[in-house]
Protein chains: 4
Amino acid sequence: MPAHRPGAAGDPAPARRSRRHDPGRRDRLIDATLRVIAERGVAGTTHREIARAADVPLGSMTYHFGSLDEVLAEAFTRHAEAAAKVFDERLGAATDRDSAIEAVITLVRDDLLGSPDDLVLAVELYVAAARNPALRAVTQGWMQRSRRALERHFDPTTAREVDALIEGLVLHSALSTDPMTPDQIRHAIERYLR
Amino acid sequence: MPAHRPGAAGDPAPARRSRRHDPGRRDRLIDATLRVIAERGVAGTTHREIARAADVPLGSMTYHFGSLDEVLAEAFTRHAEAAAKVFDERLGAATDRDSAIEAVITLVRDDLLGSPDDLVLAVELYVAAARNPALRAVTQGWMQRSRRALERHFDPTTAREVDALIEGLVLHSALSTDPMTPDQIRHAIERYLR
Amino acid sequence: MPAHRPGAAGDPAPARRSRRHDPGRRDRLIDATLRVIAERGVAGTTHREIARAADVPLGSMTYHFGSLDEVLAEAFTRHAEAAAKVFDERLGAATDRDSAIEAVITLVRDDLLGSPDDLVLAVELYVAAARNPALRAVTQGWMQRSRRALERHFDPTTAREVDALIEGLVLHSALSTDPMTPDQIRHAIERYLR
Amino acid sequence: MPAHRPGAAGDPAPARRSRRHDPGRRDRLIDATLRVIAERGVAGTTHREIARAADVPLGSMTYHFGSLDEVLAEAFTRHAEAAAKVFDERLGAATDRDSAIEAVITLVRDDLLGSPDDLVLAVELYVAAARNPALRAVTQGWMQRSRRALERHFDPTTAREVDALIEGLVLHSALSTDPMTPDQIRHAIERYLR
DNA sequence: GATGAATGAGTATTCATTCAT
DNA sequence: CATGAATGAATACTCATTCAT
């Protein structure tokens with residue numbers, strides 16, 4: 001295409017350099033992927049949709065990623081990492097059992113139920129993982145990491161059980177038209193941990 | 001076409017006759033749908049796949065169902081009904097709090113975790129419901145019904161909480177490579193209910 | 001189906017006789033066909049659509065007609081006949097050249113442009129005829145009959161020319177967002193015939 | 001790709017190379033669409049048929065056009081433009097009323113009735129426009145443009161009326177087994193314009 | 001006689017991926 | 001290095017027609 005004409009000669013630093021070098025693009029594509037999954041589900045996450053969300057040409061997708069599965073795996077990994085980090089930080093900041101319990105409550109009420117997108121992402125990851133071994137590794141890493149974080153304050157059995165409880169509370173609240181109130185969440189967790 | 005009436009005499013039941021008349025086909029299609037969902041997920045559940053599973057021509061699908069969503073809704077409704085029935089029966093047979101607790105344990109360990117397909121179906125329904133209002137009604141009916149069953153033996157708050165716990169235990173076990181042992185399941189539930 | 005049980009014995013004149021004998025049905029189907037063509041075009045006229053419009057079971061269509069083309073041909077024939085009859089009557093009632101001119105004006109303004117459905121039917125018939133010889137016979141019969149009617153008052157050349165003019169006026173008015181006013185119609189016809 | 005300019009040297013122009021690169025394909029698809037409409041009508045104009053006519057894979061259609069309606073609209077627009085151009089040119093070349101009348105006669109006899117395909121295209125467009133607003137815009141533009149061209153030589157009322165007459169003459173001739181002779185066409189138009 | 005069920009061919013459209021430029 | 005174009009397989013859905021009851 002003529003519009004490309006790379007400078008006949010002595011063409012000094014063209015002002016509008018298009019996007020020949022765009023180092024953050026791969027990154028932006030992964031973020032866009034998470035947005036698309038949240039909005040349309042894994043089943044509705046296509047090369048086209050991601051490219052549109054990130055405002056890059058379609059061809060860019062397969063240039064940066066070998067396959068759609070690869071994109072999904074990277075996106076979910078990034079998401080899980082971010083979620084686990086919050087988990088770690090909340091519990092890391094707790095100094096005793098009581099403040100750890102408060103941390104768990106905050107975690108469920110604010111971090112998990114507070115951002116509907118994260119919630120959707122979690123459930124989407126669960127199903128996708130059921131059929132995609134690469135994603136299963138992601139969920140397992142995530143589970144393990146949250147369990148480790150809980151074990152800083154609770155014995156392993158309690159940690160595991162409360163982890164499951166958290167999962168159930170989140171899922172129920174996510175799908176119910178009549179989700180639990182913050183007080184009900186607190187009650188459920190305290191009953192288990194106090 | 002000679003002899004459409006098989007069985008005149010020593011005629012060993014032809015395996016696959018022309019199926020022009022096939023009562024119960026609609027029913028079989030719904031069952032086939034559940035099998036396909038369990039095997040390939042909602043995303044992999046297509047008209048073609050269901051028709052193949054039921055050994056029926058493709059055109060038959062859209063004759064019996066107005067849309068794929070309709071098929072999914074009917075299939076999940078049937079599944080939820082069956083699951084809720086087991087729930088009701090287990091808890092209906094319990095006579096006191098102690099036997100109710102045993103019923104819950106059996107429910108989780110045997111009925112839910114015992115049949116991996118049912119487990120997958122549950123999770124698939126969760127995600128599908130996140131984007132399909134018709135399915136949301138199914139999940140909600142199911143949730144409500146199990147809560148009612150639990151309320152025959154426990155107060156409403158406990159019923160709701162334990163229902164969430166069950167959900168979490170099932171989900172965690174479903175997705176973990178290192179699922180909880182039966183004893184761990186019993187421990188988690190007893191801790192909550194005793 | 002058990003509901004059919006045709007009377008065990010001496011079952012005297014069942015009150016709700018369903019529709020076993022329905023002599024007008026074929027007729028109603030043809031009328032329904034014309035309604036469907038007007039509403040959805042020949043391309044959108046299917047067995048199903050006609051059956052729905054006439055509120056009869058789908059199977060009834062192929063019971064009464066050998067093919068969809070047959071239905072279309074009968075429907076268009078009936079329509080053309082009715083239209084030609086109006087044409088004949090209007091011009092038959094005219095006693096001299098002047099009243100014949102008035103008849104033509106009324107024909108275009110009231111009969112043709114007055115009922116949008118008839119107009120659509122005419123154009124639909126034109127295109128359908130372009131590819132269906134059976135329908136071509138219908139259009140030709142119609143054309144001839146209107147020409148004969150015009151020839152009762154005008155010489156053959158004029159009859160033919162004014163027939164074409166009528167066609168053009170109708171078509172233009174039908175497709176324009178800015179259709180001719182009644183006065184413009186009158187003007188165009190009088191210019192030609194006076 | 002070697003030698004797109006045939007005739008470099010005894011290179012017998014390979015009949016059908018891989019068409020991975022094929023500029024102008026979109027254009028050829030539009031032309032093919034017009035051919036298909038002329039041959040099989042709008043109702044018979046499918047993605048497949050167009051792709052076959054243009055010798056292009058099916059997937060190519062929906063790559064280049066968002067929907068079949070879009071293809072139809074583009075095709076009819078192109079056709080209307082070409083037809084209007086001829087109209088403009090014929091009338092533009094006329095210097096007085098007499099030569100303008102001759103131009104109209106030539107237009108109908110040669111340009112419109114002379115190419116049966118164009119005639120079919122016109123009628124097809126009419127019906128399609130009845131149900132497709134995008135196409136209605138095309139017909140209206142076309143109508144307006146021809147009226148403007150006529151108004152260069154005739155007063156607005158006459159222009160409008162003769163435009164309708166032309167339409168009717170064309171339509172009648174198109175559908176009749178006994179179409180008007182060139183002399184009859186001339187007679188009809190002269191009667192109106194002289 | 002009348003009809004619900006059945007079916008195969010066809011429809012528009014989507015999409016992961018490949019490839020020439 | 002980056003991308004627009006290309007493509008074949010798949011998807012949901014429609015429908016004329018056939019047929020067993």
Axis deviation across the helix from dA2(E)-dT21(F) to dT21(E)-dA2(F), five-pair ends, to the nearest 10°: 10°
Lys/Arg-Asp/Glu bridge criterion (N-O < 4.0 Å) met for Glu39(D), Arg131(C): no
Rounded to the nearest angstrom, tell me the gap between atom CD in Glu70(C) and atom C1' in dT17(F). 13 Å
Residues in salt bridge (Lys or Arg N to Asp or Glu O under 4.0 Å) contact with Asp27(A), at least two apart in sequence or another chain: Arg78(A)
Taking Arg136(A) for the side chain and Ala129(A) for the main chain, is one N or O donor matched with an acceptor at less than 3.5 Å? yes
Take the protein atom CD1 of Ile50(D) and the nucleotide atom P of dT7(F), then report the distance between them rounded to whole Å. 16 Å
Applying side-chain contact (heavy atoms from CB on, under 4.5 Å) to Ile50(A) and Leu68(A), what does each step give before you reach the verdict? CA-CA 10 Å; Ile50(A) 299 168; Leu68(A) 195 53; 4.1 Å; yes
Should His64(D) be listed as having a side-chain N or O under 4.0 Å from OP1 or OP2 of dG4(F)? no
Distance, rounded to the nearest Å, where Asp55(B) contributes CG and dA6(E) contributes C1': 14 Å
When you compare the protein's N or O atoms with those of nucleotides 9-12 of chain F, which come within less than 3.5 Å of each other, and at what distance?
unit_1  : atom_1 : unit_2   : atom_2 : d
dA12(F) : OP2    : His47(B) : N      : 3.2

Given the rule in the side-chain contact (heavy atoms from CB on, under 4.5 Å) test, do Leu29(A) and Phe65(A) qualify, once you have shown the distances and angles that lead to the verdict? CA-CA 10 Å; Leu29(A) 285 173; Phe65(A) 303 94; 3.7 Å; yes
Atom pairs and distances, side-chain donor-acceptor, residues 69-77 of chain B, under 3.5 Å, sequence neighbours left out:
unit_1   : atom_1 : unit_2   : atom_2 : d
Glu70(B) : OE1    : Gly66(B) : N      : 3.0
Glu74(B) : OE1    : Arg26(B) : NH2    : 2.7
Glu74(B) : OE2    : Arg26(B) : NH2    : 2.2
Thr77(B) : OG1    : Ala73(B) : O      : 2.6

Nearest whole angstrom, please: distance from the C1' of dC15(E) to the CZ of Phe65(A). 18 Å
With Ala130(C) via side-chain contact (heavy atoms from CB on, under 4.5 Å) - residues at least two apart: none
Can you give each donor-acceptor pair under 3.5 Å made by side-chain atoms of residues 56-63 of chain D, sequence neighbours left out, with the distance rounded to 0.1 Å?
unit_1   : atom_1 : unit_2   : atom_2 : d
Ser60(D) : OG     : Arg25(D) : NH1    : 2.8
Thr62(D) : OG1    : Gly59(D) : O      : 3.4

Could you check Met61(D) against Arg26(B) and say which one's nearest nucleotide on DNA chain E is further toward the 5' end? Arg26(B)
Atom CZ of Arg25(B) and atom P of dC19(F) are separated, to the nearest Å, by 16 Å
How many whole angstroms separate atom CZ of Arg28(D) from atom C1' of dA5(F)? 13 Å
Is the shortest side-chain heavy-atom distance between Leu125(D) and Leu135(D) below 4.5 Å? yes
Phosphate-side-chain proximity, Tyr63(B) and dA5(E), N/O vs OP1/OP2 below 4.0 Å: yes
